Amino acid sequence: LTRDGNIVTAEKGLPRVKVYDPTGKLLAYISQRDYFPKEAKGMDLAADSKGRIYVLEPFGGVVMVFEIGRPPG
């Protein structure tokens, strides 16, 4: 959960992350095609008090940081 109540999920089978608001509306979809290698599985998640989402991508051994509403970079 993020500080503002959004729910962040990572799927076990496909490397993708989704962010939902407290009512269940999809806010963001971070896909394998755009960011993660297809071999990435079992990604861990964390969120900080500023709304950043941290994704541990174990295949590449990296931590990716995302902010909803901001382009990556």
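Throughout, residue positions are numbered sequentially from 1 according to the sequence presented. The structure presented is a predicted model; accordingly, all values stated were derived computationally and were not measured.
With 3.5 Å as the limit, one finds no donor-acceptor pair spanning the side chains of Y20 and N6.
Atom CG of L14 is separated from atom NZ of K41 by 7.0 Å, given to the nearest 0.5 angstrom. Taken to the nearest 0.5 Å, the CD1 atom of I30 stands 9.5 Å off from the OG1 atom of T9.
In this structure, the side chains of V55 and F36 come closer than 4.5 Å at one or more pairs of heavy atoms.
Tracing side-chain contacts under 4.5 Å through hydrophobic residues (I, L, V, M, F, W, Y), one reaches M64 starting from L45; they form part of the same cluster. Both V8 and V62 sit in one connected hydrophobic cluster of ILVMFWY residues. Membership requires side-chain heavy atoms under 4.5 Å apart, directly or through other members. Taken together through direct or relayed side-chain contacts under 4.5 Å among Ile, Leu, Val, Met, Phe, Trp and Tyr, V17 and L27 form part of one hydrophobic cluster. Taken together through direct or relayed side-chain contacts under 4.5 Å among Ile, Leu, Val, Met, Phe, Trp and Tyr, I53 and L56 form parts of separate hydrophobic clusters.
Of all the heavy atoms in P15 and A40, the pair that sits closest is CB-O, 3.4 Å. Between M43 and A10 the shortest heavy-atom distance is O-CB, 3.9 Å. Counting all heavy atoms, side chain and backbone alike, P58 lies closest to G42 at CG-O, 4.0 Å. Closest non-hydrogen pair, P22 versus D4, comes out as CG-O, 4.2 Å. Among all heavy-atom pairs drawn from P37 and F59, the shortest one is CG-CD2, 3.8 Å.
When ring centroids are compared, F66 and Y54 stay outside the 6.0 Å threshold.
The salt bridge (charged side-chain N to carboxylate O under 4.0 Å, His left out) analysis of residues 17-31, with sequence neighbours excluded, yields the pairs E11-K18.
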